[in-house]
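These notes concern the structure reproduced below.
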Amino acid sequence: MTPVCPFNKASRPDDASGKKPSENQSKQQSASDHKLQQDAVISPKCPFGYDSQTFKLGPLSCMVCQALLFQCSKCVPCSHVFCKVCISRFSDCPLCGADIEKIEDNPDLQKTVDRFIEGHARIKRSQIDTDKEEKEADTKTVIYEDVSFERGDFMMQQAMRALRANNIESAKSRLGVCAEDVREQLQKNGNTPELCSQLGAVLGMLGDCCRTTGDASSAVSYFEESVNFLKKMPKDNLEIIHTLSVSLNKIGDLKYYEGDLQATRAYYFQALDVRRSAVKNNSTVPSQVIDIAVSLAKVADVDRNLGDEDTAIAGFKEGIKLLESLAVSSEEVDLEKRRLSVLEFLNSQLGKK
């Protein structure tokens, strides 16, 4: 049963006739049934303005970040509502231009938003009788059509909008819902590569949010959770490999900023090892080879900072050799630009002492 929107339904009459119709009757009946179905199906519309066809803003959206309202706050005296973080950046209302005398919390509207998040795309219905008094052969059923995203996908859309507007707390809240939903699906469906990759990516994004706000310890925790989870998965899926290596590199970056070079190198080298293993089975994938060159550059840079110049030079040279021998299709313009950019950086490092 596919996820459904609780705000839409369509009736579909069952054919109770046991007679075998003639060919012409069959054609006429088929055309008639098709028209009845078209007439019975209501165009999917969510009353709050959200659906999977046109992802437009609704009355529960903030007009600044264009995501679902988070920590709803009302401007006084105009009463327009925005996310708390969004409206705090303004002295005049972004909608009407009125001077903002003060900003008040709007908990009632926030409760509505929270109920909407919990209910939207979550209610699943089996076919049910619409009139129990009808004879069994004439029973009509109610079909709840799939008109919206899974809640996790819907929240991911909201999180990305909030991130673009630098509404980090809103993004964290929505990503937390995403992680909850993916974990729920994992319990039901098992550790499929797609779901594992999704959870790893969501945890990584939560780490990014924490890093943006300066909460390095929480960021490391999220990245490590992503790494520990993805390490349990088979290493034959490129998406999982990519997500795993990215999370390892992000932990290495944070350790680098803390000045812990030994820990930095350990995480960078783990990412390099993951990418090298991937290339053994996917040696014809140019992006994988470029990723290895990037990891080689990261490890070599740390080696240089640790005073091991010979090992650093060897790492830079290995990356250069990989990129110089890499053939990129003329159609993959962006990939070729990336290859040349990384190659230029590696060559520049050879001249440094």
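- The backbone N or O of Phe345 lies less than 3.5 Å from a partner atom in the side chain of Ser348, making a donor-acceptor pair.
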Can Met205 and Met160 be said to form a side chain to side chain contact (heavy atoms under 4.5 Å, CB included), step by step? CA-CA 10 Å; Met205 291 177 69; Met160 295 305 293; 3.2 Å; yes
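- Between Ile103 and Lys74, the closest side-chain pair of non-hydrogen atoms is not below 4.5 Å.
- Side-chain contact check for Asp108 versus Asn106: some heavy-atom pair is nearer than 4.5 Å.
- Using a 4.5 Å heavy-atom threshold, the side chains of Ile100 and Ile87 count as touching.
- Side-chain contact check for Gln262 versus Val302: every heavy-atom pair is 4.5 Å or farther apart.
- Taken to the nearest 0.5 Å, the SG atom of Cys93 stands 10.5 Å off from the CG atom of Asp99.
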Can Gln349 and Lys317 be said to form a side-chain hydrogen bond (donor to acceptor under 3.5 Å, both in side chains), step by step? CA-CA 9 Å; Gln349 296 306 301; Lys317 286 182 175 180; over 6 Å; no
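- Closest approach of Arg174 and Leu69 over heavy atoms only: NH2-O, 2.7 Å.
- Tested against Lys298 for a side-chain hydrogen bond (donor to acceptor under 3.5 Å, both in side chains), the candidates Asp253, Asn249, Thr264 yield a single pass: Asp253.
- Ala219 approaches Arg211 most closely through the heavy-atom pair CB-N, 3.8 Å.
- Looking at heavy atoms from C-beta onward, Met156 lies in side-chain contact with Cys178 at the 4.5 angstrom threshold.
- Ser277 places a side-chain N or O within 3.5 Å of a backbone atom of Asp273 that can act as its donor or acceptor partner.
- Under the 4.5 Å side-chain heavy-atom criterion for grouping Ile, Leu, Val, Met, Phe, Trp and Tyr, Val274 is not connected to Val246 through any hydrophobic cluster.
- Pairing each heavy atom of Ile241 with each of Gln288, the nearest pair is CG2-OE1, 4.5 Å.
- The pair Glu225-Arg183 meets the salt-bridge criterion, since a charged nitrogen lies less than 4.0 angstrom from a carboxylate oxygen.
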Please report the C-alpha distance between Phe82 and His80 in whole Å, then the side-chain angles of each, then the deciding distance to 0.1 Å, and finally whether the side chain to side chain contact (heavy atoms under 4.5 Å, CB included) criterion is met. CA-CA 7 Å; Phe82 306 90; His80 288 131; 3.8 Å; yes
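- The pair Lys321-Glu318 does not count as a salt bridge, with every side-chain nitrogen at least 4.0 angstrom from each carboxylate oxygen.
- A continuous path of ILVMFWY side-chain contacts below 4.5 Å connects Leu322 to Ile313, so both sit in one hydrophobic cluster.
- The backbone N or O of Leu244 lies less than 3.5 Å from no partner atom in the side chain of Ser247, so there is not a single donor-acceptor pair.
- Glu101 contributes atom CD, which lies 9.5 Å from atom SG of Cys78 (distance to the nearest 0.5 angstrom).
- The structure places OG1 of Thr243 at 10.5 Å from CG of Leu203, a figure rounded to the nearest 0.5 Å.
- When all heavy atoms of Pro286 and Leu335 are compared, the closest pair comes out as CB-CD2, 3.5 Å.
- The two residues Arg265 and Thr311 make their nearest non-hydrogen contact at NH2-CG2, 4.4 Å.
- Hydrophobic clustering of Ile, Leu, Val, Met, Phe, Trp and Tyr side chains at less than 4.5 Å, counting indirect connections, keeps Leu109 apart from Val76.
- Using modelled atom types, one finds a donor on one side chain and an acceptor on the other under 3.5 Å when comparing Asp114 with Gln110.
- How far CD of Gln71 is from CD of Glu169: 7.0 Å, rounded to the nearest 0.5 Å.
- By the 4.5 Å heavy-atom criterion applied to side chains, Met155 and Asp181 are not counted as neighbours.
- In this structure, Leu163 and Cys209 approach most closely via the heavy-atom pair CD2-SG, 3.7 Å.
- There is no path of hydrophobic side-chain contacts, each under 4.5 Å, that joins Met63 to Val85.
- The structure places CD1 of Ile240 at 12.0 Å from OG of Ser245, a figure rounded to the nearest 0.5 Å.
- No donor-acceptor pair under 3.5 Å is formed between the side chain of Ser173 and the backbone N or O of Ser170.
- In the hydrophobic cluster analysis, where Ile, Leu, Val, Met, Phe, Trp and Tyr join through side-chain heavy atoms closer than 4.5 angstrom, Leu340 is grouped apart from Val285.
- Within a 6.0 Å radius of CZ in Phe316, other residues, nucleotides and ligands contribute more than 12 heavy atoms.
- Residues Leu248 and Phe223 fail the side-chain proximity criterion, which asks for heavy atoms closer than 4.5 Å.
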Going through the checks in order, is the side chain to side chain contact (heavy atoms under 4.5 Å, CB included) test met by Asn305 and Tyr256? CA-CA 11 Å; Asn305 281 282; Tyr256 186 90; 3.7 Å; yes
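- Looking only at distances, a side-chain donor or acceptor of Arg339 sits under 3.5 Å from a matching main-chain atom of Leu323.
- Using a 4.0 Å cut-off between a side-chain N of Lys or Arg and a carboxylate O of Asp or Glu, Asp208 and Lys172 do not qualify as a salt bridge.
- Other residues, nucleotides and ligands contribute only 12 or fewer heavy atoms inside 6.0 Å of the NZ atom of Lys84.
- Residues Ser73 and Val81 form no side-chain contact, since every pair of their non-hydrogen atoms from C-beta on lies 4.5 Å or further apart.
- Asp215 and Ser217 share a donor-acceptor pair across their side chains, judged by distance under 3.5 Å alone.
- Here OH of Tyr268 is found 12.0 Å from CG of Asp303. Values are rounded to the nearest 0.5 Å.
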Show, in sequence, the C-alpha distance, side-chain angles and deciding distance for Leu68 and Phe116, and conclude whether the side chain to side chain contact (heavy atoms under 4.5 Å, CB included) test is met. CA-CA 10 Å; Leu68 282 171; Phe116 170 73; 4.1 Å; yes
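- Residues Glu104 and Lys102 are paired through a salt bridge, judged by an N-O separation under 4.0 Å between the basic side chain and the carboxylate.
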